[in-house]
Amino acid sequence: MIRDLARWIGSRADQLAELLVEVLRSGFPDMWQFEDIAAVAQTAAREEVAAVLAVLDRRIDVAEVETPPASIEFARLLAEHGVPLSELLRLYRLNHAGMLHLVHEEAVGRGMDPKLISATDTALIDLSFAFVDRTSEQVVAAYQKERDRRLQQRLIIISEVGARIGTTLDTTRTAQELTSFGTHRFADLVTVDLFDSVLHEEGTLPSADPSALRRIARSSVWDDGPPSAIEGEATHTYPEGSDASLALNTGQPSRHSITPPYIPPWLAPSPEHRRALRSAGIHSALLVPLRARGSTLGLAQFLRHRNARPFDDDDLLLAHEIASRAAVSIDNARHYTHERSTALTLQRSLLPQHVPEHPAVEAAARYLPCGARSGVGGDWYDVIPLSGGRVALVVGDVVGRGLNASATMGRLRTAVRTLADIDLMPDELLTHLDDVVIRLQREEARDTDEISATCLYALYDPISGLCTLASAGHVPPAVVGAPAVASEGRAARSVDFPAVPIGPPLGLGGLPFETVQFALPPDSLLVLYTDGLVESRVYDVDTALALVGDVLSRAPASLDDTCDSLLSALLPARPLDDVALLVVRPRALDADRVATLDLPSDPSVVSGARTFTSDRLAAWGLEDMAFATELMVSELVTNAIRYGKSPIHLRLILQSTLVCEVSDASSTAPHLRRARAFDEGGRGLFLVAQLADRWGTRHSREGKVIWAEQSLPPDGNPRQQL
């Protein structure tokens with residue numbers, strides 16, 4: 001009976017398949033939005049009917065039945081489009097239940113005996129359940145295989161995100177990497193809009209509207225694809241209540257189907273652009289807010305027009321994952337840009353705004369911040385005027401990056417200037433500076449990086465032409481000799497790297513620093529730099545120093561050109577570390593601008609010292625300064641004779657100012673005090689302080705020097721007379 005019924009129904013198999021498709025269409029309306037599923041459903045229904053009828057007609061063992069290929073493809077497509085497995089199983093059950101119902105109706109229609117129909121139904125149910133159990137295993141296996149493949153593909157895509165998005169700490173480039181990645185993997189057109197307030201730290205002018213956005217990135221699979229609705233640096237906003245505005249306000253991603261000819265205003269604000277998108281065939285869109293650390297930074301749009309398949313929920317999840325990772329990279333870039341800009345501004349404000357002019361040296365300097373992700377460092381340089389016409393030259397490097405390094409650099413530079421004012425020798429100054437760093441370490445919080453720094457401190461005396469320096473863990477300088485004409489007729493310079501004893505970095509404590517002294521002949525150069533100039537991934541330090549020597553041997557006359565030549569030769573790309581560079585050409589003071597008188601420890605020589613002073617000022621054309629200068633010399637020499645020790649020396653120095661120096665072998669420091677009405681002494685230093693522009697005391701290993709400095713009258717400018 002079952003075989004006869006199966007053969008009779010087989011003649012109407014196509015009609016039965018059509019009926020099954022209609023049942024499925026009414027029971028699962030959402031599936032039919034996918035064209036590929038709808039296309040294979042008819043074939044799958046025919047093959048399922050044929051398979052069931054073959055089992056009924058030929059009594060094939062159900063264990064040997066293979067699921068029809070179209071049913072396998074149908075299951076695979078459901079998995080590809082993200083239809084849940086429960087829906088597939090429900091569809092499968094409904095399909096076979098519908099077949100049983102149709103067979104039962106055919107049996108009733110043929111007027112069969114009710115008992116025979118009941119027996120037939122029972123047999124059909126047993127066969128159907130066995131058939132469903134057999135074929136559903138294969139269908140589920142095909143479904144799961146496709147889901148695993150899609151999951152693996154998604155994991156591969158997500159793993160690529162970390163390698164291809166956020167490769168730099170640049171906001172615009174990161175956004176462009178997001179759009180390029182999106183069009184490469186699963187979208188046809190991707191745009192990224194960021195709030196104007198997010199981009200304000202990069203130098204753009206903020207908009208008065210807090211909801212204003214800028215389109216900073218766009219990619220399309222077609223070179224001649226639809227044009228962008230937003231051009232250049234123009235700001236725009238999405239219509240209130242639109243899908244894009246809702247996504248920004250809620251922070252939730254959403255999927256949208258676009259049915260031409262209607263193009264939503266948030267996608268195309270102008271009629272021309274709507275026509276372009278309609279012509280391109282835009283049919284599906286994903287709106288994914290870019291959120292990081294609880295804040296919405298902007299919106300990414302993923303569109304399809306060439307790919308006929310609409311976005312599904314899996315695509316939305318994938319786009320959300322990609323956009324979330326990109327948003328973190330954009331936010332990191334934003335914070336990095338802000339911190340780097342702040343640190344660089346602080347760094348430049350703490351460095352000299354221009355190289356200080358000093359009659360003892362001609363100087364040029366450069367500061368070049370690093371291009372690495374770690375941020376601005378703590379490199380610095382300084383030129384500090386000292387008493388006696390001398391000058392201090394400093395370069396230093398604070399270990400670390402960012403605001404802390406810049407702030408520490410400012411504190412150390414201030415400390416160096418303060419210590420330089422008391423005229424310490426280089427090794428003594430570094431010892432005190434080491435104590436400063438140790439105190440800073442104790443004051444800092446425990447969770448911060450330990451403070452450390454290197455420093456090179458040099459003193460140049462234009463009278464003796466000697467340079468005295470000490471290093472605290474810092475690279476030695478380069479000394480460039482005066483130009484000499486080579487055999488080929490071109491000028492060449494010798495370059496030497498003095499054997500400077502390199503002491504420990506600042507912050508270790510308890511270890512000594514040593515000084516070294518050498519002459520700087522006229523027209524020579526002293527080049528001080530931080531290690532960022534000679535440290536490179538391309539070559540080692542020895543090779544870098546050789547390159548420094550080669551550049552300096554051909555150094556041009558201009559110090560600025562010398563700086564630029566060094567930087568371009570050693571740092572063709574953005575440096576990995578900050579670089580501070582100081583190039584100095586020393587100027588020796590002419591012998592006729594220095595007058596020295598040795599004095600015995602006898603009060604009677606004070607008048608001779610005044611006469612010596614007036615004669616020298618007359619020779620220099622500074623007669624108008626004679627009265628005040630003689631009075632200061634008289635008081636300083638008297639104090640040295642009364643309180644100091646032999647030998648006593650008087651020295652007059654004419655440079656950009658007039659300096660009077662009296663030295664003796666005593667280390668006792670004078671103190672300025674206000675004498676009372678009936679005191680016989682105590683007014684000498686007070687008079688000196690009133691007459692001089694600056695005065696002070698410096699100590700040396702041989703004793704002390706008390707000095708007083710006066711400004712020259714306009715017609716006594718030494719630059720015109722030297």
*How far does SG of Cys660 sit from CG of Leu650, to the nearest 0.5 angstrom?*
7.0 Å
*Evaluate the side-chain proximity of Tyr460 to Val361: yes if any heavy-atom separation is below 4.5 Å, no if none is.*
yes
_For the CZ atom on Phe627, are there more than 12 heavy atoms of other groups (residues, nucleotides or ligands in this structure) within a distance under 6.0 Å?_
no
*Please report the shortest heavy-atom distance between Val688 and Trp695, naming the atom on each side.*
CG1-CB, 4.3 Å
*Derivation and outcome, side chain to side chain contact (heavy atoms under 4.5 Å, CB included), residues Thr408 and Val399*: CA-CA 9 Å; Thr408 302; Val399 176; over 6 Å; no
*Flag for Thr543-Asp540: side-chain donor and acceptor within less than 3.5 Å*: yes
*Would you call Val495 and Val548 a side-chain contact if the rule is heavy atoms closer than 4.5 Å?*
no
*Among Met632, Glu661, Arg651, find the one that has a side chain to side chain contact (heavy atoms under 4.5 Å, CB included) with Trp707.*
Glu661
*Point-to-point distance, once rounded to the nearest 0.5 Å, from CZ of Arg698 to CG of Asp421*: 13.0 Å
_So, taking the atom named CD1 in Ile438 and the one named CG in Leu506, what distance separates them when rounded to the nearest 0.5 Å?_
9.0 Å
_Can you tell me how far apart CG (Leu430) and CZ (Phe513) are? Round to the nearest 0.5 Å._
5.5 Å
*What closest approach, in Å, do Ala544 and Leu570 show between heavy atoms, and which atom pair accounts for it?*
O-CD2, 3.8 Å
*Minimum-distance pair of heavy atoms, taken over all atoms of Leu552 and Ala478*: CD1-CB, 3.8 Å
*Would you say the side chain of Gln690 lies within less than 4.5 Å of the side chain of Leu687, judging by non-hydrogen atoms?*
no
_Between Asp578 and Thr530, does the side-chain hydrogen bond (donor to acceptor under 3.5 Å, both in side chains) criterion hold? Intermediate values first, please._
CA-CA 8 Å; Asp578 289 38; Thr530 54; over 6 Å; no
*asked:* Can a donor-acceptor pair be found, under 3.5 Å and without considering hydrogens, that links the side chain of Asp664 to the backbone of Ser666?
replied: yes
*Walk me through it: do Thr454 and Asp397 pass the test side-chain hydrogen bond (donor to acceptor under 3.5 Å, both in side chains)?*
CA-CA 5 Å; Thr454 66; Asp397 182 2; 4.8 Å; no
*Full working for side chain to side chain contact (heavy atoms under 4.5 Å, CB included) between Leu658 and Glu709*: CA-CA 6 Å; Leu658 177 63; Glu709 182 178 292; over 6 Å; no
*Atom of Leu533, atom of Leu581 and distance for their closest heavy-atom approach*: CD2-CD1, 4.3 Å
*Hey, could you give me the CD1/OG distance between Ile706 and Ser663, rounded to the nearest 0.5 Å?*
9.5 Å
*asked:* Looking at Ile384, is its backbone amide N or carbonyl O close enough to the side chain of Asp382 to form a donor-acceptor pair, meaning the two atoms are under 3.5 Å apart?
replied: no
*Okay, side chain of His358, backbone of Arg390: is any donor-acceptor separation there less than 3.5 Å?*
yes
Mind listing the side-chain donor-acceptor pairs of residues 514-524 below 3.5 Å, one per line with the distance, residues two or more places apart or on another chain?
{"residue": "Gln517", "atom": "NE2", "partner": "Thr468", "partner atom": "OG1", "Å": "2.8"}
{"residue": "Asp523", "atom": "OD1", "partner": "Arg585", "partner atom": "NE", "Å": "3.3"}
{"residue": "Ser524", "atom": "OG", "partner": "Pro521", "partner atom": "O", "Å": "2.6"}

*Backbone N or O of Glu630 within a donor-acceptor pair of the Ser634 side chain at under 3.5 Å?*
no
*Polar contact flag, side-chain donor to acceptor under 3.5 angstrom, Ser604-Asp602*: yes
*asked:* Could you tell me if the side chain of Ser656 sits less than 4.5 Å from the side chain of Leu712, heavy atoms only?
replied: no
*Within a strict 4.5 Å, meaning less than it, do heavy atoms of the Tyr457 and Val395 side chains meet?*
no
_Quick check: closest heavy atoms across Leu433 and Ala415, and the distance to 0.1 Å?_
CD1-CB, 3.9 Å
*Taking the side chain as every heavy atom from C-beta outward, state whether Lys645 and Lys704 have any pair of such atoms under 4.5 Å apart.*
no
*Are side-chain N/O atoms of Gln710 and Thr629 paired as donor and acceptor at under 3.5 Å?*
yes
*Considering all heavy atoms of both residues, which atom of Leu589 and which atom of Leu654 are nearest to each other, and what is their separation?*
CD1-O, 3.8 Å
*May I ask you to test the Pro586-Leu526 pair for a side-chain heavy-atom distance under 4.5 Å?*
no
*After noting the C-alpha distance and the side-chain angles of Cys455 and Val394, does the key distance pass the side chain to side chain contact (heavy atoms under 4.5 Å, CB included) rule?*
CA-CA 7 Å; Cys455 183; Val394 190; 3.8 Å; yes
*asked:* Checking side-chain polar atoms at under 3.5 Å, does Thr657 have a donor or acceptor matched by the opposite partner on Asp693?
replied: no
*Look at Asp550 together with Arg554 and state whether they make a salt bridge at an N to O cut-off of under 4.0 Å.*
yes
_Separation between CG of Leu528 and OG of Ser471, rounded to the nearest 0.5 Å_ = 10.0 Å
*Would you call Cys467 and Leu459 a side-chain contact if the rule is heavy atoms closer than 4.5 Å?*
no
*Apply the test side chain to side chain contact (heavy atoms under 4.5 Å, CB included) to residues Tyr529 and Val534: give CA-CA distance (whole Å), side-chain angles for both, the deciding distance (0.1 Å), then the verdict.*
CA-CA 9 Å; Tyr529 49 88; Val534 294; 4.0 Å; yes
